[in-house]
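What follows is a single structure, written as structure tokens, with notes after it.
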Amino acid sequence: MEDRAINFPTEQTTTILTTAPEETALEIWGGMPLSGEVKISGAKNSALAIMAGALLCPTDCRLRNIPALVDIARMSQILTAIGAKLTTKGDIIDIDTREIGNREAPYDLVSKLRASFFAIGPLLTRLGAAKVPLPGGCAIGARPVDLHVRGLAALGAEVQIENGVVNARAKGRNGRLKGAKIYLDYPSVGATETIMMAATLAEGETRIENAACEPEVVDLANFCRSLGAKIKGAGSKTIFISGVDRLHSTDYGIIPDRIEAGTFLVAAAITRSPLTLAPVIPEHLTSAIAKLKAIGTKIIAPEPNILQVIPGQLRASDIETLPFPGFPTDLQAQFMALLAVSEGNSLISETVFENRLQHVAELNRMGADIKVKGNHAFIKGVPMLAGAPVMATDLRASAALVIAGLAARDKTVVSGLHHLDRGYENIEAKLRSIGAKIERVRV
Ligand code: UD1
């Protein structure tokens, strides 16, 4: 994807982080109008799955538009630990997997990055065996991997879980997996990706029914196809994979991050600012754009990969999170910050994750009026939020607090930035370049 006509300030571009930063906080002085253009980075969730997918390639491959994030640095460490050689330059990563071995990914790394479990599918199908520690739960819920494991078993893997480690071995001829028909009880993004990757080198045809349709699943399928895999139907409920004997090298660019783009759309709406975002794929944001319109903010696409915000008066609306193309759970917290200052009563129902409303308490500390019952948040719009010290509870919650801070009176101090740095490339530099008053300080 080209960055076309927009000249982004150099502050908005960075190189890939190699280590987690020290504990810091963001100080935000709210009420500043924003204007200008924001460069949207490569999609974190695509990049993580595709980096694991690089293990399918028997030689080396080049990935472009990789965002500079702590999660990416962690995935790089995991790939290195299992024998891949990674070279990074700007937003490009070259991954050489000629010498990967059937080594166990270290638990301390896996426990910090759930997406590292993605390594199991490629390792199993390429080497005939794989050992990956169970990723465990996280701040937003239990997050089991039963659908991944059942899918791999259906493809002919013997899977044992012992002492917290998933030990999978292909039972088929020459240690090869065998294609199968797999129905997913729930359209899990991760399980769809694990099964799709595992099936690329399996013997025969695989059919995944009730597959996840998220754009990141399509991006992974396109990456696998660029390696020579035969995959049809990604982006629909049924994905067909015809196993091949061998894959080859590729040079592949990751799609723009729809969740980062959605976050900046909300930042524009809440500050009533006419921001421009690029590059974006507007079709990936259909539900968020429709919801913004209902709330009173118009979004237009003057060119195919650009979005412009036309701000307006904010009014209440109801949101239910759903698998794609429904409203994304990864934008729920950010929209809650917006609805907290939209006139009238809104209801947000979180249906994807069991425990993803923890940001309510922090928003209420800033003067929001939100009550939680089960997985429903009842929001009574207030005219304005007030700055306060707040603590990020998970990745998207941290973005919601930053957004709330942009619109609040006085100073907001957001702590717990290790969450934010997992998934937002250089967020404070991007915000500063469009007029926000925001500083990162050591605590
Ligand atoms: C991915 C995204 C995450 C996003 C989520 C939903 C990555 C790295 N992360 O997470 O940002 O919020 O999709 O769009 O791509 N489940 C099971 N058993 C399983 C797998 C999932 O019960 O084996 C449940 C989960 O607990 C959750 C629901 O299914 O309640 C959705 O999870 P899933 O779609 O798998 O999300 P992830 O792939 O983990």
Side-chain angles (χ1 to χ4, degrees), residues 42-53 66-67 69-72 74-75 78 110 112-121 132 134-154 159 161 166 168 182-198 208 210-221 223 237 254-255 257-260 262-263 284-285 287-288 320-335 349-357 375 394-400 419-420 422-424:
K44 169 181 86 77
N45 288 348
S46 275
L48 291 172
I50 289 173
M51 284 173 75
I66 299 284
L69 301 170
V70 170
D71 270 8
I72 297 291
R74 289 189 177 135
M75 183 58 103
I78 284 163
V110 173
K112 289 188 188 125
L113 177 68
R114 285 188 51 80
S116 56
F117 193 71
F118 287 145
I120 198 165
V132 181
L134 278 170
C138 75
I140 59 176
R143 302 187 77 173
V145 287
D146 55 318
L147 297 172
H148 302 237
V149 168
R150 289 217 298 267
L152 295 175
V159 189
I161 303 175
V166 182
I182 298 164
Y183 172 81
L184 292 176
D185 287 342
Y186 184 89
S188 152
V189 174
T192 303
E193 294 177 334
T194 289
I195 297 165
M196 190 164 73
M197 289 192 273
I208 310 174
N210 199 26
C213 304
E214 268 69 1
E216 295 75 21
V217 172
V218 179
D219 207 23
L220 176 65
F223 164 75
K237 287 266 156 218
I254 309 290
I255 56 170
D257 196 310
R258 66 191 167 106
I259 304 302
E260 187 197 18
T263 302
H284 293 175
L285 283 152
S287 59
E320 183 181 33
T321 64
L322 287 168
F324 191 86
F327 187 90
T329 174
D330 285 353
L331 284 176
Q332 179 257 106
Q334 299 89 317
F335 271 73
S349 304
E350 171 59 53
T351 75
V352 178
F353 288 107
E354 58 183 15
N355 187 23
R356 207 176 197 180
L357 294 173
N375 267 348
D394 67 61
L395 167 56
R396 305 303 170 184
S398 61
H419 292 298
L420 189 73
R422 285 187 40 223
Y424 287 92

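It should be emphasised that the depicted structure is a prediction, and the values quoted were computed from it without experimental measurement. Computation of the quantities below employed the complete heavy-atom set of this structure, encompassing side-chain atoms and omitting hydrogens, waters and symmetry-equivalent molecules. Numbers for residues simply follow the sequence, beginning at 1. Counting convention: from 1, in listed order, for ligands and their atoms alike.
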Heavy-atom gap Glu216 to ligand 1 smaller than 4.0 Å: no

Return a yes/no value for Ser188: is any of its N or O atoms, backbone included, closer than 3.5 angstrom to an N or O of ligand 1? yes

Quickly, which of His284, Glu216, Glu214 forms a side chain to side chain donor-acceptor pair (under 3.5 Å) with Arg258? Name it, please. Glu216

Under 3.5 Å, N or O to N or O, is Asn45 touching ligand 1 that way? yes

Part of Glu350 within contact of ligand 1 (heavy atoms, under 4.0 Å): neither

Between His148 and Thr194, is any side-chain donor less than 3.5 angstrom from a side-chain acceptor? yes

Closest to atom 20 (C) of ligand 1 (judged by heavy-atom distance), picking from Ala115, Ala47, Ser116, Pro144: Pro144

Could you state the interatomic distance from OG (Ser46) to CG (Leu220), rounded to the nearest 0.5 Å? 8.0 Å

Which ligand 1 atoms does Tyr186 reach within 4.0 Å, using its non-hydrogen atoms? 28 (C), 29 (O), 31 (C)

State the atoms of ligand 1, each with its element, that fall below the 4.0 Å cut-off from a heavy-atom position in Gly190. 35 (O), 38 (O)

Is Ala191 touching ligand 1 with its side chain, its backbone, both, or neither, if touching means heavy atoms under 4.0 Å apart? neither

Regarding ligand 1, does Leu147 bring an N or O atom to under 3.5 Å of one of the ligand's N or O atoms? yes

If every non-hydrogen atom of Ala52 is compared with every non-hydrogen atom of Ala119, which pair is closest and at what distance? CB-N, 4.1 Å

Nearest 0.5 Å, please: how far is NZ in Lys237 from CG in Asn210? 4.5 Å

Which bit of Val189 gets closer than 4.0 Å to ligand 1, counting heavy atoms only: side chain, backbone, both or neither? both

So CD1 of Ile50 and CE of Met197: to nearest 0.5 Å the spacing works out to 9.5 Å

OG on Ser287 to CG on Leu331, rounded to 0.5 Å: 7.5 Å

Shortest reach to atom 27 (C) of ligand 1 by a heavy atom, considering only Asp71, Val352, Asp146: Val352

Check Lys44 with Asp257, please: is the shortest side-chain N to carboxylate O separation under 4.0 Å? no

Enumerated ligand 1 atoms positioned under 4.0 Å from heavy atoms of His148: 23 (O)

Need the ligand 1 atom indices (1-based, order shown) with element for anything under 4.0 Å from a heavy-atom of Arg356. 12 (O)

Atom CG in Leu69, atom CG in Leu48: separation rounded to 0.5 Å? 8.0 Å

Where does Asp330 meet ligand 1, judged by heavy-atom distances below 4.0 Å: at the side chain, the backbone, both, or neither? side chain

